[in-house]
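Report on the structure given below.
Letters A, B, ... are given to chains in the order of the sequence lines, protein chains preceding strands, and every chain is numbered from 1. Quick caveat, the model's predicted, so the values are computed rather than measured.
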Protein chains: 2
Amino acid sequence: MARKKNSSAETTRPRIREAALRLFARHGYAAVSMRQIATEVGVQAGTLYLYTADKQTLLFDLMQAHMQDLLAALAALPAQDDPLAALEQFTRFHLRHHRARQDAVFISYMELRNLEPENFERIEAMRRAYEAHLAGILARGKATGTFDLPDAKLAAYALIAMLTGVTTWYREGGPLSLARVEDIYWDMVQKAVGA
Amino acid sequence: MARKKNSSAETTRPRIREAALRLFARHGYAAVSMRQIATEVGVQAGTLYLYTADKQTLLFDLMQAHMQDLLAALAALPAQDDPLAALEQFTRFHLRHHRARQDAVFISYMELRNLEPENFERIEAMRRAYEAHLAGILARGKATGTFDLPDAKLAAYALIAMLTGVTTWYREGGPLSLARVEDIYWDMVQKAVGA
DNA sequence: GTCTATAGCGAGATAGAC
DNA sequence: GTCTATCTCGCTATAGAC
């Protein structure tokens, strides 16, 4: 008897994605059951399969959406001829974007190993494209003498790791404002590349 | 009395730890079954419980051993009065130590969320002690004017994230030797703190 | 579109033979 | 010290009612 009428499929889909994102980030993909996700959304476990083929596809869709979002936001930034300006723009963009999406960032790094090979390759390719963008800025700056660094690609890895690390310790309401954190990181980035 | 022990018992314990470390790092704690670990070792699942109380304890023991190993190795380094020398020593030590223990490093960061609260606190305390060591070097260097940085604690977070990142991309047999990678990172670290 | 119910499986952990 | 056998539980995914 008593089944929920009047529920909107329009809102159930995003609610499933939000619940899965939060739970996967908090406990890990393998540790979260479809039942937990359903409970969080307020539906029965079987209902989830109206919206996703299976658990793996749900994970992949979350990661793919995150990476597409990231690359689209990067592409939407205004072009910068000056390597130093481009690096500052990238630094601040990366910090802001990642900080605002801690759960998705965490999952997209952490759950790579839980993707089936084909899905893994597709996500990895997008991640490489993002890294290549920064490496390109650094290589240009190195060529023009704006930067002084031994290896542009390695520096790109190092800087991205440094910047992404902010998601592991920064908490809203702490002693430092996000703007201040941005300035401090930009100061270190700038120096690290010998600008 | 001194009844002679079965010879394989001496080797089974470390073999369990090695198998668990490798499998947890590769697939994640929650995704690995006790049966898989047992198969890897070449024993039956029930045999594992001769060596560990349960799966959670096995994870905690691996992480605790890793952190104790890290702190002991850090404490064994020769004292350095000069902040710059201390920073270089720390940088090279961190890279070498983490690079040689990729699986344990990965687990100790990734599986924190799968620890029960009490176990989590104990591991976190050791991680904070390690961070505090670097923050101390930076604060001393800032006080003496050797370094130019806005925030020693934040810089410690940033540098550790940057250095630990090497474990995600460095592969033996790649184009760069570990010594070369060390030199490149040390170059960036040095510049980043305004030395 | 969501529910109840369940099939089918594999998990963690334990008991007792050898 | 290790094995076989098993208990009990919770999981993913599906079927069919409403």
State which residues pass salt bridge (charged side-chain N to carboxylate O under 4.0 Å, His left out) with [X]; sequence neighbours excluded, sorted by chain then number.
X	answer
A/Arg127	A/Glu124, A/Glu131
B/Glu40	B/Arg22
B/Asp69	B/Arg101
A/Arg180	none

Tell me which residues in residues 110-118 of chain A lie within less than 4.0 Å of DNA chain D, going by non-hydrogen atoms.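 By residue number: none to list.
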
Just checking B/Glu118: does its CD atom have more than 12 heavy atoms from other residues, nucleotides or ligands closer to it than 6.0 angstrom?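 For B/Glu118, atom CD is not crowded (no more than 12 foreign heavy atoms under 6.0 Å).
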
Who else is in A/Met110's hydrophobic cluster (ILVMFWY, side-chain heavy atoms under 4.5 Å, direct or via others)?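 Besides A/Met110, the hydrophobic cluster comprises A/Phe106, A/Tyr109, B/Phe106, B/Tyr109, B/Met110, listed by chain and residue number.
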
Connected-component partners of A/Val105 among ILVMFWY, side-chain separation under 4.5 Å: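 Reading the cluster by chain and number, A/Val105 sits alone, since nothing else belongs.
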
Partners of A/His27 by ring-ring contact (aromatic ring centres under 6.0 Å, His included), sequence neighbours excluded?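 So A/His27 forms no ring-ring contact (aromatic ring centres under 6.0 Å, His included) with any residue.
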
Among all residues two or more places apart in sequence or in another chain, which pass the ring-ring contact (aromatic ring centres under 6.0 Å, His included) test with B/Phe24?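 Here the qualifying residues are B/Tyr29.
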
Compare the minimum distances between each of [options] and the side chain of [X], then state the nucleotide with the smallest one.
X	options	answer
B/Thr12	C/dG12, C/dC3, D/dT2	D/dT2
B/Asp54	C/dT2, C/dA13, D/dT2	C/dA13
A/Thr47	D/dC3, C/dC3, C/dA13	C/dC3

For the pair made of [atom1] in [X] and [atom2] in [N], what is the distance, rounded to whole Å?
X	N	atom1	atom2	value
B/Gln44	C/dA17	CD	C1'	14 Å
A/Leu48	D/dT14	CG	C1'	13 Å
A/Ile37	D/dA13	CD1	P	10 Å

Could you tell me if the ring centre of B/Tyr170 sits under 6.0 Å from that of A/Tyr157?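 Ring centroids of B/Tyr170 and A/Tyr157 are no less than 6.0 Å from each other.
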
For nucleotides 5-11 of chain D, give me every protein contact, N/O to N/O, under 3.5 Å, one pair per line with atom names.
residue, atom, partner, partner atom, Å
D/dC11, OP1, A/Ser33, OG, 3.4

If only side-chain N and O atoms of A/Tyr49 are considered, is one of them under 4.0 Å from the OP1 or OP2 phosphate oxygen of D/dA15?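 No, because none of the side-chain N or O atoms of A/Tyr49 sits under 4.0 Å from OP1 or OP2 of D/dA15.
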
DNA chain C contacts made by residues 15-27 of chain B, counting heavy atoms under 4.0 Å: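 Close to the strand, none.
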
Side chain to side chain contact (heavy atoms under 4.5 Å, CB included) partners for A/Ala195, two or more places apart: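 With sequence neighbours excluded, A/Ala195 shows a side chain to side chain contact (heavy atoms under 4.5 Å, CB included) to A/Leu84, A/Phe147, A/Gln190, A/Val193, given in chain and number order.
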
